[in-house]
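Comments concern the structure below.
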Amino acid sequence: MEKSFEPAQIESKWYERWEASGAFQPSGKGEPYCILLPPPNVTGTLHMGHAFQQTVMDMLVRYQRMRGMNTLWQVGTDHAGIATQKIVENQLAVEDKTRHDLGRDAFVERVWKWKEESGSTITNQMRRIGAAADWSRERFTMDPGLSAAVQKVFIDWYRAGLIYRGNRLVNWDPVLGTAVSDLEVNNVERDGHMWSIRYPVVGSDESMVVATTRPETMLGDVAVAVHPEDERYAHLVGKMLMLPLTDRLVPVIADDYVDKDFGTGCVKITPAHDFNDYAIGQRHKLAPITIFTLAAKVNDNAPEKYRGLDRYDARKRVLADLEAAGLLVETKPHKLQVPVSDRSDAVIEPMLTDQWFVDLTSDTLADGRPGGRQAITQPALDAVRSGEITFVPENWATTYTQWLDNIQDWCISRQLWWGHRIPAWYDEAGNIFVGEDEADARKSATAAPVGALRQDDDVLDTWFSSALWPFSTLGWPANGPVKNERGEVVANWEQDKIFLPSAVLVTGFDIIFFWVARMVMATKYFTGQVPFREVYINAIVRDAEGQKMSKSKGNTLDPLDLIDGIELEPLVAKSTKSLLIPQVREKVEKRVRKDYPDGIPAIGTDALRFTFAALASYSRTINFDIKRAEGYKAFCNKLWNAARFVLMNMPDESGPEGEVAAPTGAPVTEAERWILTRLKQTLGEVEKHFISYRFDHLAQALYEFTWNELCDWFLELAKPALNGEDAVAAASTRHTLLVVLESVLRALHPVIPFITEEIWQSVAPKLALTENSLMQRPWPCADEIAADDAATAEIEWFKNVLSGIRKIRSEMNISPARTIPLLLADGDASDRARVAKFAAQIAFLARTEAPQWIEAGTDEPAAAAAVVGTLRVMIPLAGLIDLGAEKTRLAKEISRIEVEIKKCEGKLGNANFVANAPAEVVVQERQRITDWNTTLMALREQAQKLG
RNA sequence: GGGUGCUUAGCUCAGCGGUAGAGCGUCGCCCUUACAAGGCGGUGGUCGUAGGUUCGAUCCCUACAGCACCCA
């Protein structure tokens, strides 16, 4: 083995071998255990969030596979309608073209081409982080099978009356020219103004003043609303107002929605361009007036002078005209939430358009069939309320149910070209025909179409196809084998439905509504089953200061840069490459140079994964600190060197295969039985933490065992045993070293697969193991290891003795290289026996001469002492230690213990404590005071002897 | 405005009713033959503030402050 751990060398070789061996595919044996990968954007790249989430999934999958489960990690990518179309449109823009220059078919072809080029980027990156996913079943949301599922679901829901077409207010992106989902809209706080505008009351001297952040929308006002109990305006309700700048009159209406205390208590109502106003308009049966075109320019419903103006130009014009008319009462600065499209940065304009919706809100349809609430929403709510699906951490269930309780119908149409085209046709009279194709649509119609049929231009929301992911990837709705777009068989529902429900969904909280809930809805409706039993909501990865990672801040990290390392200059170049605004570029460069003055060191995949595990508590964010990752690289190196030590100590005369003969019978030494006991405990903890998804505790348990017990104590204890005269103990220790190392490799494998595999390959022959890969080994079960409490007590005693000596050496500044005398006094029979048993270990590890007992009554030389129980462990002062220093040290120790005793006495002296505290707590407290007193007496005796 | 979290050592975080913990950093001594990415030993915290419940509160309850995020 190399002298130190070199991640790059070992990571490159294992992944391909694992994949080629078929180890990532379901074994076909054991209980099914399935995890669905939240499909990343097909043209996307791996970011820290992906790397974290996928590490979590990979740990679970590898663990369950080792436990003998029939494991499927279903992977694939998402066509990400808007994002992908936008990228290709940007490419066209460079050539000074738009998608319309190409036409629909040629454009879509071009997107496919781009998908072919870049589609494997993220999946190859996933391989770098070691994802043990079944790539032979990789799917794409637009492959033929998944498209068939989309079509069937649309048609079935349409025919069940659960999908309808309607003219509704939606989030409209005027730049992209499509409706977008709420998820793609960010509410951003911006500096704006609050303008107060006077609306005169018709036939009166009175007027009403409304406050608005969007004065231009007044051109579409249909009313002014006040609170029904607002006495100031009660007499005006029902009266008409003159809408300034127009020749229209609008009524004053009363509605609870209005906040009396906000502004003047009068609200202008523009139903066509505001969601709240839309609801009020509906309540009061006021027809909305749309005043913008789809490009957000003023349309013909507004007075002529404003027509054709962009919404912001219109605002200026409206304000100027109001000012001129003396109707602008006040202008003051105001912070407001502006809805901004995540995809184009354009300000969203609520817009009345014809869209397709999934009904999620009506109880019963007009014809008596169940409505969407009954058929789709309620079952999804029940699945979580009944506990059929549980969230981890559990409070996310509240988020889920609250959202479903207030759900709106789902707008599923998008005005894009890239996506699943809606299987609906219109005749010349505007009648709708839905079917698999035009012929099927005609066939299923109740009336003959008028004239020619034309297919709907729109495509479906990407989430519509991802909602079907849990069952469409398993082959539904086909009965036989399903092929992907390359013609390879990837699923077969008849066989694969055993993987439904999947075991756990690992995903971010931000898509609970948009994806998680919709998967539950669709899967429940079409298969009658829940899509998964548990939902583990993973934390969001932030930078070390807790800031959101963003390219424009310059605090993003590329997981591959952490794995491979990167020099400063390339890192700067990379971070600033796609930033267009010069100021941002400077800021980013400064930040990168400050944060990584020496670039990023290569820490390797395993250390990165261990870091993710160690940070994965139930907290909702994890702040990624590169320092921490470096610490876990050191851990990998520690493990590496521990393995080196074990292998270096194997006999030369091992068998033909390198096998080290297993001794018959139980391990000989206390140390072996102790480390096996600790291994058993650790494995038990790890199993527990896997069940509760506490990867931080899991990682810590393994870290502590490996470093603080195996390396710090057992390997050290093994040294004298291996080199001692007891050949039986040496042989036994040698074998235990191998067994413990091999077990810990197995236990660590789900977290750090590469290094463990690499080491295991060298260890396996020594144990005559026949598997080709660590991946094929079973999980090291705690139940298979014997515990030995007596041995544990012996080793605890030994550790106390050794620590006592080390502390004296260190505090008295005795050179670690110097061998010193060791004296023992007092103690009981068991101390005598233990000293005899561990004499060689004590001498070796504490660098002392053979211990010498001082019999009671004989004179003691002046010495520094440590106390273990009643035993005094002493190092003579002569030539080594300053008497004064030792007295000071003792005094400090004595006063520390006196404080502890005082605390105990305080509790035990309280009658209420003794009467009310649980018996075992009182007993424990009494035991503590006894132990402290024992130590105190020994220390005092020692102090007295020093004079 | 409604909701959900968070506030513990210099930093990043565990703990959550009965002796305050880890990693990193820091200080001292050591290049001891698995590992200086290391060893050994230290230092460092009235657990956001104020009340309450309890024999006992970092942990439970209430209020407040600050910081996040989600939904309006």
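Every chain is numbered from 1, with letters handed out A, B, ... down the list of sequences.
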Whole angstrom is fine here: how far is it from [atom1] in [X] over to [atom2] in [N]?
X      : N     : atom1 : atom2 : answer
A/F624 : B/C13 : CZ    : C1'   : 14 Å
A/L698 : B/G23 : CG    : P     : 17 Å
A/L404 : B/C70 : CG    : P     : 19 Å
A/I622 : B/G23 : CD1   : C1'   : 15 Å
A/E704 : B/A22 : CD    : C1'   : 7 Å
A/I626 : B/C11 : CD1   : P     : 19 Å
A/F513 : B/U4  : CZ    : C1'   : 11 Å

Are [X] and [Y] within salt-bridge range, i.e. N to O under 4.0 Å?
X      : Y      : result
A/R928 : A/E900 : yes
A/E704 : A/R678 : no
A/K688 : A/E685 : no

Please determine if a side-chain N or O atom of [X] lies less than 4.0 Å away from the OP1 or OP2 oxygen of [N].
X      : N     : value
A/K907 : B/U19 : no
A/N916 : B/C55 : yes
A/K807 : B/G42 : yes
A/R809 : B/G28 : no
A/K903 : B/G18 : no

Would you indicate what [X] reaches in the nucleic acid, counting non-hydrogen atoms under 4.0 angstrom: base, sugar-phosphate, or nothing?
X      : value
A/Y703 : sugar-phosphate
A/E630 : nothing
A/C636 : nothing
A/Q927 : nothing
A/A817 : nothing
A/Y632 : nothing
A/T621 : nothing
A/R818 : nothing
A/L715 : base
A/S4   : base
A/N406 : nothing
A/A915 : nothing
A/E716 : base
A/R806 : sugar-phosphate

Inter-nucleotide [atom1] distance ([N], [M]), Å rounded:
N     : M     : atom1 : answer
B/C27 : B/A68 : C1'   : 36 Å
B/U19 : B/C59 : C1'   : 16 Å
B/U49 : B/U8  : P     : 10 Å
B/G66 : B/U54 : P     : 31 Å
B/G25 : B/G39 : P     : 12 Å
B/G17 : B/C13 : P     : 23 Å
B/C47 : B/U7  : C1'   : 10 Å
B/A36 : B/C29 : C1'   : 14 Å

Residue [X], side-chain atoms from C-beta onward, closest of [options]:
X      : options             : result
A/N395 : B/U4, B/G38, B/A36  : B/U4
A/F913 : B/C55, B/A37, B/U4  : B/C55
A/H697 : B/G42, B/A14, B/A36 : B/A14
A/N276 : B/A34, B/U12, B/A72 : B/A72
A/Q700 : B/G42, B/A22, B/U19 : B/A22
A/K719 : B/A34, B/A37, B/C55 : B/A34
A/F509 : B/A34, B/C70, B/U12 : B/C70
A/S617 : B/U19, B/A14, B/C29 : B/A14
A/A634 : B/C55, B/C69, B/G38 : B/G38
A/N912 : B/C55, B/G15, B/A37 : B/C55

Give none if [N] has no partner; otherwise give the nucleotide forming a Watson-Crick or G-U wobble pair with it, both distances under 3.5 Å.
N     : answer
B/G23 : B/C11
B/C64 : B/G48
B/G18 : B/C55
B/U33 : none
B/C40 : B/G28

Pair [X]-[Y], side-chain donor/acceptor within less than 3.5 Å:
X      : Y      : answer
A/D409 : A/T361 : yes
A/S4   : A/E6   : yes
A/D696 : A/Q700 : no

query: Centroid-to-centroid, A/Y703 to A/Y632, below 6.0 Å?
result: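 Between A/Y703 and A/Y632, the centre distance is under 6.0 Å.
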task: Please tell me which of A/S803 and A/K627 maps to the more 5' nucleotide of RNA chain B, matching each residue to the nucleotide holding its nearest heavy atom.
output: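 Result: A/K627.
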message: Quick check on RNA chain B: between A/W707 and A/R644, whose nearest nucleotide comes earlier from the 5' end?
response: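 Residue closer to the 5' terminus by nearest nucleotide: A/R644.
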- prompt: Parallel, tilted or perpendicular: which describes the rings of A/Y536 and A/F695, with under 30° parallel and over 60° perpendicular?
  reply: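 Geometry flag for A/F695 against A/Y536: perpendicular rings.
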Full working for side-chain hydrogen bond (donor to acceptor under 3.5 Å, both in side chains) between A/Q402 and A/N406: CA-CA 6 Å; A/Q402 281 180 356; A/N406 298 299; over 6 Å; no
message: A/W463 vs A/W410, test: side chain to side chain contact (heavy atoms under 4.5 Å, CB included). Steps then yes/no.
response: CA-CA 10 Å; A/W463 298 106; A/W410 173 16; 4.0 Å; yes
